[in-house]
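To start, the structure itself, in structure tokens.
Both backbone and side-chain heavy atoms feed into the values below; hydrogens, waters and symmetry mates do not. In this text, all values refer to a predicted model and were calculated from it rather than measured experimentally. Each ligand, and each atom within it, is numbered from 1 in the order the structure gives.
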Amino acid sequence: MSLSVVILAAGKGTRMRSSLPKVLHAIADKPMVSHVIDSARQLGAVNIYVVYGFGGEVLKATLTSENFGDDLTFIEQKEQLGTGHAVDQASPYLKEDEDVLVLYGDVPLTKVSTLESLLKVKPENGMSLLTVHLANPTGYGRIVRTDGEVVGIIEQKDAAPEQLLINEANTGILYAYGGDLKRWLSGLSNDNAQGEYYLTDIIASAHSEGKTIATAHPETEIEVEGANNRVQLAALERAYQARLAEQLMIDGASLRDPARIDIRGSLTIGSEVSIDVNCIFEGSVILGSNVKIGANCILKNCNISDNAEIKPNSIIEEANIGENCSAGPFARIRPGSVMNKDSHVGNFVEMKKTTLGEGSKAGHLTYLGDALIGQNVNVGAGTITCNYDGVNKFKTVIDDNAFIGSNSSLVAPVSIGASATIGAGSVIAKNVEQEDLAVARGKQRNIKNWARPTKN
Ligand code: UD1
Ligand code: CA
């Protein structure tokens with residue numbers, strides 16, 4: 001039977017104190033609701049219905065293109081009349097003969113394995129409910145059982161004193177047959193303490209029809225926690241990061257401090273990877289085997305090959321770093337850059353759209369932009385490729401084995417031939433042929449016994 005998922009996302013999120021709808025607040029740079037959409041897809045949902053209330057336009061505009069797909073439908077809940085009313089907005093879309101899972105756009109950390117267990121426990125003639133035993137269940141709906149069987153859910157505000165002692169709480173996540181769900185929803189009333197249409201009332205309807213209500217439970221409480229304010233959002237972020245860090249270590253990475261790493265995307269690793277403190281990984285980052293990442297690095301959408309080392313305080317974005325390379329400390333490798341194997345860039349070196357050939361080095365204080373650099377080139381300290389004339393960008397080509405003296409300016413477009421040498425301090429605006437020496441600087445004059453000026 002096919003699976004549809006209804007995601008409730010209509011809450012305004014007043015306590016976020018934000019103009020952004022609550023479910024768009026991010027965990028690891030991704031809106032909470034996108035995490036939930038991802039989980040629904042991993043479960044194989046054919047249709048995903050997002051019930052929204054506020055900021056529908058912002059919602060659609062903020063979700064990234066990868067969130068969209070034929071499987072996704074946005075449904076407006078014009079007035080927030082309760083969780084039952086919210087799910088009922090999706091009723092016209094739900095088929096009689098399909099399975100329906102209800103999730104929450106502000107509960108992003110539920111594990112797919114937990115949801116799978118919920119799907120698995122549902123009896124043929126019944127429904128299943130995700131519940132959690134809490135030391136302090138205040139605020140939650142309580143699971144009412146008779147002789148061990150679930151017979152209903154009572155909300156905190158409607159509960160009798162003895163019901164408040166129940167510590168099995170409703171997470172809100174449930175799973176039922178489409179036809180049943182639609183029928184139960186159509187029978188809801190708002191005759192309760194909050195004057196709302198409670199989704200939780202369908203449990204009593206199911207029970208009165210003689211259906212069995214099975215329960216499943218998350219591994220940890222954090223899986224079913226929502227974020228109503230930024231304090232809770234930050235707590236979810238830390239929990240999520242801890243989960244990713246733990247997985248990385250299980251996969252063989254050594255983390256100097258698992259509490260000081262942030263992964264905002266996907267990080268793929270080879271064996272014997274080590275990562276020092278305060279590193280941030282964004283987008284899709286791939287680290288080969290024996291890669292070392294020093295403290296305080298930021299890596300975004302890049303590929304670091306085997307045995308490469310990124311030294312502290314370096315920033316690498318949309319670049320490829322080859323085998324045995326080293327970069328940093330304080331290197332900045334910008335989009336479109338490639339370091340071929342055994343190449344090296346040192347402190348305060350910036351690269352942009354530049355290829356550094358095998359075995360080449362730029363050790364200190366250098367800008368390499370729009371440059372194609374061959375093998376075994378030595379780029380001296382303070383070298384600048386002058387790639388921009390204020391209007392257009394131009395390329396610099398440096399051939400194999402060239403030696404660029406320190407503090408040279410290479411005014412593009414310009415090419416330096418193989419094994420050519422540039423004298424230190426040169427401003428090179430004309431091509432240099434292979435094996436030539438180019439020196440382009442003012443001649444030194446030494447003035448004998450020169451008297452320094454005196455103060456007036
Ligand atoms: C709900 C459950 C409660 C459960 C708790 C878990 C009901 C009646 N109660 O209570 O048993 O223990 O969640 O957190 O279901 N929403 C809409 N439209 C609405 C109302 C709510 O989309 O009209 C969304 C909210 O944005 C939120 C979710 O549904 O994401 C839950 O709503 P909320 O008002 O927080 O329910 P609780 O009172 O906490
Ligand atoms: Ca709530």
Side-chain angles (χ1 to χ4, degrees), residues 5-16 18 20-25 31-33 35-37 48-56 59 74-91 101-110 127 129-134 136-144 150-159 163-164 166-176 181 184-185 188-206 213 215 217-218 221-229 232-233 236:
V5 172
V6 178
I7 300 175
L8 301 195
K12 193 171 187 176
T14 315
R15 281 171 286 169
M16 283 288 179
S18 169
L20 206 61
K22 175 161 81 167
V23 296
L24 288 181
H25 285 265
M32 290 194 281
V33 68
H35 287 268
V36 182
I37 292 170
I48 300 170
Y49 301 106
V50 177
V51 179
Y52 69 93
F54 300 89
L59 186 69
F74 291 88
I75 301 170
E76 187 177 7
Q77 184 193 21
K78 291 205 175 66
E79 271 182 293
Q80 279 63 59
L81 303 180
T83 49
H85 180 259
V87 177
D88 199 33
Q89 303 310 297
S91 279
L101 172 68
V102 177
L103 298 176
Y104 296 78
D106 61 348
V107 180
L109 301 192
T110 319
M127 60 171 294
L129 201 56
L130 193 70
T131 75
V132 61
H133 289 86
L134 298 174
N136 178 11
T138 306
Y140 285 85
R142 308 297 209 286
I143 308 300
V144 182
V150 176
V151 299
I153 298 179
I154 185 84
E155 290 302 296
Q156 167 91 22
K157 288 183 178 145
D158 300 283
Q163 289 172 318
L164 291 175
I166 300 171
N167 72 353
E168 186 181 5
N170 174 35
T171 66
I173 295 172
L174 57 82
Y175 182 57
L181 189 61
W184 299 330
L185 289 171
L188 289 181
S189 93
N190 63 354
D191 181 16
N192 52 49
Q194 301 183 79
E196 288 181 7
Y197 295 91
Y198 290 164
L199 176 61
T200 45
D201 283 350
I202 69 167
I203 311 303
S205 309
I213 298 122
T215 54
H217 317 284
E221 288 172 26
I222 198 83
E223 285 191 55
V224 293
E225 280 175 19
N228 292 315
N229 59 37
Q232 292 169 345
L233 187 71
L236 291 185

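- Taking every heavy atom of Y198 and a limit of under 4.0 angstrom, the matching atoms of ligand 1 come to 8 (C).
- Within ligand 1, counting atoms from 1 as listed, the ones closer than 4.0 Å to a heavy atom of G141 are 3 (C), 4 (C), 11 (O), 12 (O).
- With contacts defined as side-chain heavy-atom distances shorter than 4.5 Å, the pair N170/T131 does not qualify.
- Only the side chain of Y104 comes within 4.0 Å of ligand 1, judged by heavy-atom distances.
- Considering each of N170, L199, T83, the one bringing a non-hydrogen atom nearest atom 16 (N) of ligand 1 is T83.
- For the pair I173 and L101, the minimum side-chain heavy-atom distance is below 4.5 Å.
- By the 3.5 Å distance cut-off applied to N or O atoms, G139 is not counted among the residues near ligand 1.
- Side-chain N or O atoms of T83 include one that pairs as donor or acceptor with a backbone N or O of L199 at under 3.5 Å.
- In this structure T138 satisfies the side-chain hydrogen bond (donor to acceptor under 3.5 Å, both in side chains) test together with N136, sequence neighbours excluded.
- Per-residue contacts place A86 under 4.0 angstrom from the following atoms of ligand 1 (heavy atoms of the residue considered): 17 (C), 18 (N), 22 (O).
- Closest heavy-atom approach to atom 30 (O) of ligand 1 within the set L103, T200, D106: this belongs to D106.
- In this structure, H217 and H133 have tilted ring planes: the angle between them lies in the 30° to 60° band.
- At least one N or O atom of G11, backbone or side chain, sits closer than 3.5 Å to an N or O atom of ligand 1.
- Residue contacts with ligand 1: Q77 is included, with a non-hydrogen atom under 4.0 Å away.
- Under the 4.5 Å side-chain criterion, counting only non-hydrogen atoms from C-beta, I143 is in contact with I153.
- At least one heavy atom of L81 sits closer than 4.0 Å to an atom of ligand 1.
- With a 4.0 Å cut-off on non-hydrogen atoms, T171 touches ligand 1 through its backbone and not its side chain.
- N192 contributes a side-chain N or O that, together with a main-chain N or O of E196, makes up a donor-acceptor pair within less than 3.5 Å.
- Applying the side chain to side chain contact (heavy atoms under 4.5 Å, CB included) test between I7 and each of V107, I75, I37, V102 identifies I37 as the sole match.
- When heavy-atom distances to ligand 1 are checked against a 4.0 Å cut-off, E155 comes that close only through its side chain, counted from C-beta outward.
- Considering each of G226, A9, G82, the one bringing a non-hydrogen atom nearest atom 23 (O) of ligand 1 is G82.
- Every residue two or more places apart in sequence or in another chain that forms a salt bridge (Lys or Arg N to Asp or Glu O under 4.0 Å) with E168 is listed here: R145.
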